[in-house]
Amino acid sequence: EGLERINGCAFEYCSGLTEINIPSTVVYIDGDAFDGCWGLTSFNVAEGNATFSSIDGVLFNGSKYELCLYPKGKTDESYTVPAGIKDIMGYAFYGASNLKQVIMPEGVSCVYAQAIREMGNLETIDFPSTLTELNAGTFYGCNNLKTIIMRATEVPYYGGTDLSSSNFDNTVFIST
């Protein structure tokens, strides 16, 4: 209690770290604060924290409209983002190598930079019709990605160049 910030690289490469207990006083967590924490399976947010919350070990903002960080060591192969989420924040799924499938609900509009990156086992990602923006670094290092489902009727803004990479020669883009 009393800690207010967790800055970038604060726990970088703490491979033995399995869970983080975030006190009620924390108001800022940098997206790469837990870079390389391959054993991290759960974020637990103290009651009374107005800035952050957690559901099943996944870190969200306090109002639960931003997915902040998915634990890199969580063993689930599939994850469905909860309803009500609007934004997938930078580094949110970065390095979550156990995930093979991510499904985003209607309402998600923006995937920030580096959010879906270095997910070596990711095979399928399903974007909602409400998606308007994908930012830089999306899909970099997602070398097993086979299917990208894009439900948006208008092409979302894309702020990166990864889609032209030869890593996607075997990827199927499905527009519904």
Side-chain angles (χ1 to χ4, degrees), residues 1-99 101-119 122 125-139 151-152 156-157 159-160:
E1 248 352 274
L3 179 69
E4 293 181 4
R5 298 176 60 87
I6 301 176
N7 290 321
C9 304
F11 292 94
E12 186 175 38
Y13 296 106
C14 291
S15 58
L17 187 64
T18 58
E19 68 180 69
I20 289 286
N21 295 312
I22 299 167
S24 64
T25 52
V26 169
V27 295
Y28 175 81
I29 299 174
D30 196 283
D32 66 351
F34 302 97
D35 190 32
C37 294
W38 309 116
L40 185 60
T41 60
S42 183
F43 292 97
N44 307 308
V45 179
E47 213 171 293
N49 187 316
T51 307
F52 295 100
S53 60
S54 61
I55 301 171
D56 296 326
V58 179
L59 186 67
F60 297 89
N61 72 332
S63 301
K64 295 185 181 87
Y65 66 86
E66 296 174 345
L67 189 153
C68 299
L69 291 170
Y70 184 92
K72 292 172 183 24
K74 200 166 173 70
T75 58
D76 298 340
E77 291 185 0
S78 180
Y79 182 70
T80 300
V81 174
I85 300 300
K86 303 272 185 241
D87 297 324
I88 308 297
M89 302 308 291
Y91 297 93
F93 289 100
Y94 190 110
S97 61
N98 291 318
L99 285 174
Q101 177 182 25
V102 175
I103 301 167
M104 296 188 191
E106 290 299 312
V108 170
S109 61
C110 184
V111 176
Y112 284 85
Q114 318 299 334
I116 301 165
R117 182 178 173 152
E118 301 297 337
M119 297 175 69
L122 184 66
I125 189 151
D126 188 339
F127 292 109
S129 67
T130 52
L131 186 72
T132 59
E133 187 173 340
L134 289 171
N135 282 286
T138 303
F139 308 124
R151 298 179 188 282
Y157 165 80

With sequence neighbours left out, what residues match [X] under side-chain contact (heavy atoms from CB on, under 4.5 Å)?
X   : result
P23 : E1, L3, T25, V26
S54 : V45
S63 : N61, Y65

How about [X] and [Y]: do any of their side-chain heavy atoms sit closer than 4.5 Å?
X    : Y    : result
V27  : F52  : no
F34  : I6   : yes
P128 : M104 : yes
R151 : D126 : yes
L67  : F93  : yes

Kindly list each side-chain donor-acceptor pair under 3.5 angstrom involving residues 71-89, sequence neighbours excluded, with atom names and distances?
residue: K72; atom: NZ; partner: Y94; partner atom: O; Å: 3.1
residue: K74; atom: NZ; partner: D56; partner atom: O; Å: 2.7
residue: S78; atom: OG; partner: Q101; partner atom: OE1; Å: 3.2

Could you grab the distance from atom [atom1] of [X] to atom [atom2] of [Y], nearest 0.5 Å is fine?
X    : Y    : atom1 : atom2 : result
D32  : C9   : CG    : SG    : 4.5 Å
F43  : C68  : CZ    : SG    : 9.5 Å
F127 : L134 : CZ    : CG    : 5.0 Å

Before giving the answer on side chain to side chain contact (heavy atoms under 4.5 Å, CB included), spell out for D35 and Y91 the whole-Å C-alpha distance, their side-chain angles and the decisive distance to 0.1 Å.
CA-CA 9 Å; D35 190 32; Y91 297 93; over 6 Å; no
On a heavy-atom basis, the closest approach of G48 and S24 is C-CB, 3.9 Å
CA sep, side-chain torsions, deciding dist, call: I29, L59, side chain to side chain contact (heavy atoms under 4.5 Å, CB included):
CA-CA 10 Å; I29 299 174; L59 186 67; 3.8 Å; yes
N/O donor-acceptor pairs under 3.5 Å from side chains in residues 11-22, not counting sequence neighbours:
residue: E19; atom: OE2; partner: N44; partner atom: ND2; Å: 3.0
residue: N21; atom: OD1; partner: N44; partner atom: ND2; Å: 3.0

Looking only at atom types and distance, does a side-chain atom of T130 sit under 3.5 Å from a main-chain N or O of G107, one as donor and one as acceptor?
yes
Please answer whether the main-chain N or O of S109 pairs with a side-chain N or O of T132 as donor and acceptor at a distance below 3.5 Å.
yes
Is a side-chain donor-acceptor pair under 3.5 Å present for N135 with E133?
yes
Take N7 and Y28 through the test side chain to side chain contact (heavy atoms under 4.5 Å, CB included) and record every step on the way to the result.
CA-CA 8 Å; N7 290 321; Y28 175 81; 3.7 Å; yes
Using a 3.5 Å cut-off and no angle test, enumerate the donor-acceptor pairs between side-chain atoms of residues 110-119 and protein atoms at least two apart in sequence or in another chain.
residue: Q114; atom: OE1; partner: R117; partner atom: NH1; Å: 2.4

